[in-house]
Amino acid sequence: PEEAEVLLQAGARAMLIRANSFEELLRLAEQLKGASILIAEGATEPDQLRALLNKVDAAIVPESLHAGGSFEDLQDELDG
């Protein structure tokens with residue numbers, strides 16, 4: 001978060017947040033919510049993507065989720 005504060009003060013309009021665990025990713029997203037455009041990378045399960053809803057502006061979705069047969073339904077649910 002210290003680096004994020006420096007970026008925000010410098011006028012950054014978007015941030016890609018990565019973390020060592022999904023729990024850490026979620027915590028960082030909560031701390032930075034509303035500060036800029038947040039793009040999260042690290043959610044690997046549908047429930048993790050659901051947990052990021054309204055906390056980040058976008059998520060990088062791994063290929064393993066795209067390949068799942070129900071990805072379109074999940075996308076519709078989250079975009080809904």
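Computed over heavy atoms, backbone and side chain alike; hydrogens, waters and symmetry mates excluded.
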### Query
What heavy-atom pair brings Pro62 and Thr44 nearest, and what distance separates the two atoms?
CG-CA, 4.1 Å
### Message
What's the separation between atom OG in Ser70 and atom CD in Glu77, rounded to the nearest 0.5 Å?
### Response
9.5 Å
### Query
Given Ile17 and Glu41, is the side chain to side chain contact (heavy atoms under 4.5 Å, CB included) satisfied, shown in steps?
CA-CA 6 Å; Ile17 55 174; Glu41 182 175 37; over 6 Å; no
#### Entry: Closest heavy-atom pair and its distance - Ala51, Leu26
O-CD1, 3.7 Å
#### Entry: Least distance between heavy atoms, Leu52 atom then Leu25 atom
CD1-CD2, 4.3 Å
### Query
With no hydrogens and no angle check, is any side-chain donor or acceptor of Glu24 less than 3.5 Å from a backbone partner on Asn20?
yes
### Task
Could you grab the distance from atom CD1 of Ile60 to atom CG of Leu65, nearest 0.5 Å is fine?
13.0 Å
### Task
First locate atom CG of Leu28, then atom CD of Glu23, and finally report the distance between them rounded to the nearest 0.5 Å.
12.0 Å
### Summary
Heavy atoms of Gln48 and Phe22 approach each other most closely as O-CZ, 3.3 Å
### Message
Contact between Val61 and Leu49 at the side-chain level, heavy atoms closer than 4.5 Å - yes or no?
### Response
yes
## Note on the structure
Correct closest heavy-atom pair for Val56 and Ala40 would be CG1-CB, 4.0 Å
### Task
Could you tell me which non-hydrogen atom of Leu53 sits nearest to which non-hydrogen atom of Leu78, and how far apart they are?
CD1-O, 3.6 Å
### Message
Tell me whether Glu30 contacts the main-chain N or O of Arg27 through its side chain, where contact means a donor paired with an acceptor under 3.5 Å.
### Response
no
#### Entry: Arg50, CZ: over 12 other non-hydrogen atoms inside 6.0 angstrom
yes
